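Here the structure is a predicted model, which means the values were calculated and not measured. Residue numbers run from 1 in the order of the sequence given.
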Amino acid sequence: MADDPTMDAGKQARVSIGRLKLSNFRNYESLSLRLAPSHVVLTGENGAGKTNLLEAISFLSPGRGLRRATYTDVTRNGASDGFAIHASIDTPEGTVDVGTGLAGNGPGDTARRVRVNGVTASADDLLDYSRILWLVPAMDGLFTGPAADRRRFLDRMVLAIDPAHGKRVLDYEKSMRSRNRLLTEERSNDAWLDAIETPMAELGIAIAAARAELMRLINGMIERMPDDTPFPKADCLLEGELEQRVGIESATDVEEVFRRALHDGRTRDRAAGRTLDGPHRSDLLVRHRPKSMPAELCSTGEQKALLIGLILSHARLTGELAGMAPILLLDEIAAHLDEGRRAALFDIIEELGGQAFMTGTDKALFKSLEGRAQFFDVSHGKVVST
Ligand SMILES: Nc1ncnc2c1ncn2[C@@H]1O[C@H](COP(=O)(O)OP(=O)(O)OP(=O)(O)O)[C@@H](O)[C@H]1O
Ligand SMILES: [Mg+2]
């Protein structure tokens, strides 16, 4: 794999977390951790705080973190102030200090604040300094679970090519909720619905177009990946009328088609109590290429290997497009892989060039990373170098 001339991680900036400070985050009352740029292995008993630490790092990207938790849930039980996360991110241009949390917010102020080098910023601005991708055990059911989870996964993947995508999806969902509410109201009139459906159509097409573009890029990247790894290639397909059409027809035409569909679907949607057309109904279909089988029909282990392959392809794509190797959060990654697969995974991670955080209960599974990673023991919200 290392000799593949198309695998060009060399030009990407290496970005790593050099310091991490937490206060009142989950079971961490206060933590201050200094890190070298190499990979990080966190081991410890169940309930020690390993996933919590990865979750804290995931808040250094837009969104609700890798558990999609509420800010109340992530704030330490019994804390008198909100949580805070600070990190120093080492980049080729120097160190950037980023921080986020609720600490210092007044009563009732539940929005998380983001600061970059001491200056208030938006969560999307965090994407300028690092790209953070994760694989957690909760994603094991991605292929068999609800389509909403796959859409969320897909939309997070799109952030690699378009940092504005997250806000676009949120704005669309907000408009859709307004439309659904309006449809239930006696007094709702056509002019009000027109005023919502027009921007909704515009956002919907932008969402579909960004997803379709991501599909094109990720499938291209999967094509370029070597065949001889234990992580099988995936064939990804978007199921959704708008996503199908945007590649073929002009965006203006598809937008008009969607706007009409919303307009003509009002009676039906009113009866259903929700909007039945749109990109919020699309799905990501994944096939296991070597077996030529839909992912959801593959064995648990096959699904996991497929998902790892997909995440690694996406990590490589993100690195190439963002110009910086992503930081990877891999929760309990080693436990379900045999020795050969583990070794292959560590080699691929190494070659991707970013800092990877890996967790597990058994340190022995990470033995082959000795010399390539720093090891920490996690226990009761304390993290000690070993
Ligand atoms: N808001 C909170 N305040 C205090 N403690 C919390 C909070 N939220 C979760 N915890 C606790 O944090 C502990 C550590 O959780 P975490 O998921 O990080 O464990 P882990 O080390 O990943 O364990 P496992 O190996 O089982 O996955 C749990 O005991 C959990 O109850
Ligand atoms: Mg855990």
Q: So, for Ala210 and Asp162, which heavy atoms are closest and what is the spacing to 0.1 Å?
A: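 Scanning both residues, the minimum pair turns out to be CB-OD2, 4.4 Å.
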Q: Any side-chain donor paired with an acceptor under 3.5 Å for Thr100 and Arg112?
A: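 Yes.
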Q: Under a 3.5 Å cutoff, is there a donor and acceptor pairing between the side chains of Ser282 and Glu243?
A: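 Per modelled atom types, Ser282 and Glu243 side chains form a pair under 3.5 Å.
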Q: Got a donor-acceptor contact below 3.5 angstrom from the Arg268 side chain to the Asp264 backbone?
A: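 Not at all, since once roles are kept as given, no pair shorter than 3.5 Å links the two residues.
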Q: Any ion pair linking Glu320 and Arg316 (charged N to carboxylate O, less than 4.0 Å)?
A: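 No.
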Q: Salt bridge or not between Asp149 and Arg152? Use side-chain N to carboxylate O under 4.0 Å.
A: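 The answer is yes: the pair qualifies as a salt bridge.
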Q: Taking the side chain as C-beta and beyond, is there a heavy-atom pair between Ile17 and Leu60 under 4.5 Å?
A: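 Sidechains of Leu60 and Ile17: in contact.
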Q: With hydrophobic residues grouped by side-chain heavy-atom distances under 4.5 Å, do Val98 and Leu127 end up in a single group?
A: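 Different clusters: Val98 never reaches Leu127 through Ile, Leu, Val, Met, Phe, Trp or Tyr contacts under 4.5 Å.
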Q: Under 3.5 Å, is there a donor-acceptor pair between the side chain of Arg115 and the main chain of Ala121?
A: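 No; judged by distance alone, with no hydrogens or angles, the pair does not exist.
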Q: Which pairs with one or both residues in residues 108-163 pass ring pair (Phe, Tyr, Trp, His ring centres under 6.0 Å), sequence neighbours excluded?
A: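 Pairs touching residues 108-163 that pass the test: none.
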Q: Considering all heavy atoms of both residues, which atom of Ile327 and which atom of Val15 are nearest to each other, and what is their separation?
A: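 That would be CG1-O, 3.9 Å.
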Q: Looking at every heavy atom in both Pro226 and Lys233, which two are closest together, and how far apart are they?
A: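 Here Pro226 and Lys233 meet closest at O-CE, 3.8 Å.
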Q: Arg289 and Glu223: salt bridge (charged side-chain N to carboxylate O under 4.0 Å, His left out), yes or no, with the steps?
A: CA-CA 11 Å; Arg289 184 184 299 179; Glu223 245 12 276; 2.8 Å; yes
Q: Just wondering, more than 12 heavy atoms not from Glu249 lying within 6.0 Å of its CD?
A: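 Yes, the 6.0 Å shell around CD holds more than 12 heavy atoms from other groups.
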Q: Run the side-chain contact (heavy atoms from CB on, under 4.5 Å) test against Thr72 and tell me which residues pass, sequence neighbours left out.
A: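 Thr72: side-chain contact (heavy atoms from CB on, under 4.5 Å) contacts with Thr70.
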Q: In terms of hydrophobic clustering (I, L, V, M, F, W, Y; side-chain heavy atoms under 4.5 Å; direct or indirect links), are Leu237 and Leu214 co-clustered?
A: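 No, Leu237 does not connect to Leu214 through the hydrophobic network.
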Q: Between Lys174 and Asp171, does a salt bridge (charged side-chain N to carboxylate O under 4.0 Å, His left out) hold up when you go through it step by step?
A: CA-CA 5 Å; Lys174 210 164 132 193; Asp171 288 348; 5.4 Å; no
Q: Salt-bridge test for Asp140 and Lys304: reply yes if a basic N is under 4.0 Å from a carboxylate O, no otherwise.
A: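 Here Asp140 pairs with Lys304 in a salt bridge, since their nearest N and O are under 4.0 Å apart.
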Q: Would Thr91 and Arg14 count as a side-chain hydrogen bond (donor to acceptor under 3.5 Å, both in side chains) here? Give the steps.
A: CA-CA 6 Å; Thr91 76; Arg14 191 176 165 90; over 6 Å; no
Q: Quickly, which of Asn219, Leu217, Ile222, Thr318 forms a side-chain contact (heavy atoms from CB on, under 4.5 Å) with Ser313? Name it, please.
A: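 Going through Asn219, Leu217, Ile222, Thr318 one by one, the side-chain contact (heavy atoms from CB on, under 4.5 Å) with Ser313 is satisfied by Ile222 alone.
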Q: Show the nearest heavy-atom pair for residues Leu321 and Ala160, with the distance to one decimal.
A: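 Heavy atoms only, the tightest pair is CB-O, 4.0 Å.
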Q: Checking Asn180 against Thr275: is there a side-chain donor and acceptor pair closer than 3.5 Å?
A: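 Present: a donor and an acceptor within the cut-off.
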Q: Any chance the side chains of Thr386 and Asp377 put a donor and an acceptor closer than 3.5 Å?
A: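 No, no side-chain donor-acceptor contact under 3.5 Å.
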Q: Say whether Leu22 and Val384 are linked into one hydrophobic cluster, either directly or through other cluster members, by side-chain heavy-atom distances under 4.5 angstrom.
A: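 The answer is no; the residues belong to distinct hydrophobic clusters.
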Q: Got a donor-acceptor contact below 3.5 angstrom from the Asn27 side chain to the Ala48 backbone?
A: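 The answer is yes, because a donor-acceptor pair under 3.5 Å joins these two groups.
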Q: Do Asn24 and Thr75 get their side chains close enough for a donor-acceptor pair, meaning under 3.5 Å?
A: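 Distance-only check fails for Asn24 and Thr75.
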Q: Is there a donor-acceptor contact under 3.5 Å from the side chain of Asn105 to the main chain of Ala111?
A: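 Pair found, side chain donor or acceptor close to backbone of Ala111.
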Q: Just by distance, with hydrogens left out, do His165 and Asp155 show a side-chain donor and acceptor under 3.5 Å apart?
A: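 His165 vs Asp155: donor-acceptor pair found between side chains.
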Q: Tell me whether Gln355 contacts the main-chain N or O of His39 through its side chain, where contact means a donor paired with an acceptor under 3.5 Å.
A: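 No, Gln355 side chain to His39 backbone: no donor-acceptor pair under 3.5 Å.
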Q: Could you tell me which non-hydrogen atom of Arg211 sits nearest to which non-hydrogen atom of Pro279, and how far apart they are?
A: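 Closest heavy-atom pair between Arg211 and Pro279: NH1-O, 2.8 Å.
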Q: When the side chains of residues 194-205 are checked against the rest of the protein, which donor-acceptor pairs come out under 3.5 Å, sequence neighbours left out?
A:
unit_1: Asp194; atom_1: OD1; unit_2: Arg266; atom_2: NH2; d: 2.7
unit_1: Glu197; atom_1: OE1; unit_2: Arg266; atom_2: NE; d: 3.3
unit_1: Glu197; atom_1: OE1; unit_2: Arg266; atom_2: NH2; d: 2.7
unit_1: Glu197; atom_1: OE2; unit_2: Arg179; atom_2: NE; d: 2.9
unit_1: Glu197; atom_1: OE2; unit_2: Arg179; atom_2: NH2; d: 3.4
unit_1: Glu197; atom_1: OE2; unit_2: Arg266; atom_2: NE; d: 3.0
unit_1: Thr198; atom_1: OG1; unit_2: Asp194; atom_2: O; d: 3.0

Q: Are Lys50 and Asp331 ion-paired here, with the side-chain N under 4.0 Å from a carboxylate O?
A: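 Result for this pair is no, no salt bridge flagged.
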Q: Could you work out, with side-chain hydrogen bond (donor to acceptor under 3.5 Å, both in side chains) as the rule, every residue matching Asp128, not counting sequence neighbours?
A: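 For Asp128 there are no side-chain hydrogen bond (donor to acceptor under 3.5 Å, both in side chains) partners, ignoring immediate neighbours.
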Q: Decide whether Leu285 and Leu310 are clustered together by the hydrophobic rule: side chain heavy atoms of Ile, Leu, Val, Met, Phe, Trp, Tyr closer than 4.5 Å, transitively.
A: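 Different hydrophobic clusters.
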Q: Under a 4.5 Å cut-off applied to non-hydrogen side-chain atoms, are Tyr71 and Phe59 in contact?
A: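 Result yes, sub-4.5 Å side-chain heavy-atom pair found.
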Q: Got a sec, which residues hit salt bridge (Lys or Arg N to Asp or Glu O under 4.0 Å) with Lys291, two or more places apart in sequence or on another chain?
A: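 Salt bridge (Lys or Arg N to Asp or Glu O under 4.0 Å) list for Lys291, sorted by chain: Glu302.
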Q: Please report the shortest heavy-atom distance between Ile89 and Ser130, naming the atom on each side.
A: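 What the structure gives for the nearest pair is CD1-OG, 3.9 Å.
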Q: When you group the ILVMFWY residues by side-chain heavy-atom contacts below 4.5 Å and let the links chain together, are Val158 and Met324 in the same group?
A: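 Yes: a chain of side-chain contacts under 4.5 Å links Met324 to Val158.
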Q: With the threshold set at 4.0 Å, does a side-chain nitrogen-carboxylate oxygen contact exist between Arg342 and Glu339?
A: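 No.
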Q: Does Glu332 offer a backbone N or O that forms a donor-acceptor pair with the side chain of Thr359 under 3.5 Å?
A: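 Yes; at least one donor-acceptor contact below 3.5 Å.
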Q: Does the side chain of Asn52 come under 3.5 Å of the side chain of Arg76 through a donor N or O and an acceptor N or O?
A: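 Side chains of Asn52 and Arg76: no pair found under 3.5 Å.
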Q: Counting C-beta onward and ignoring hydrogens, is there a side-chain heavy-atom pair between Phe346 and Phe366 closer than 4.5 Å?
A: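 Answer yes - side chains close enough.
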Q: Within the side chain of Arg131, is there an N or O that forms a donor-acceptor pair under 3.5 Å with the backbone of Ala322?
A: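 A pair under 3.5 Å: no.
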Q: So, Thr51 versus Arg26: side-chain donor-acceptor pair below 3.5 Å or not?
A: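 No.
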Q: Does any N or O in the side chain of Thr43 come within less than 3.5 Å of the main-chain N or O of Lys363, such that one atom is a donor and the other an acceptor?
A: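 Such a contact is absent between Thr43 side chain and Lys363 backbone.
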Q: Salt bridge or not between Arg151 and Asp283? Use side-chain N to carboxylate O under 4.0 Å.
A: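 Not counted as a salt bridge, because no side-chain N and carboxylate O are separated by less than 4.0 Å.
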Q: Within a strict 4.5 Å, meaning less than it, do heavy atoms of the Glu213 and Ile161 side chains meet?
A: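 Counting from C-beta outward, Glu213 and Ile161 do come under 4.5 Å.
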Q: Determine, for Asp277 against Arg259, whether the closest basic-nitrogen to carboxylate-oxygen distance falls under 4.0 angstrom.
A: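 Answer for the salt bridge query: no.
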Q: Enumerate the residue pairs fulfilling ring pair (Phe, Tyr, Trp, His ring centres under 6.0 Å) with a member in residues 264-307, sequence neighbours excluded, ordered by first and then second residue.
A: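 Sorted pair list: Tyr172-His280.
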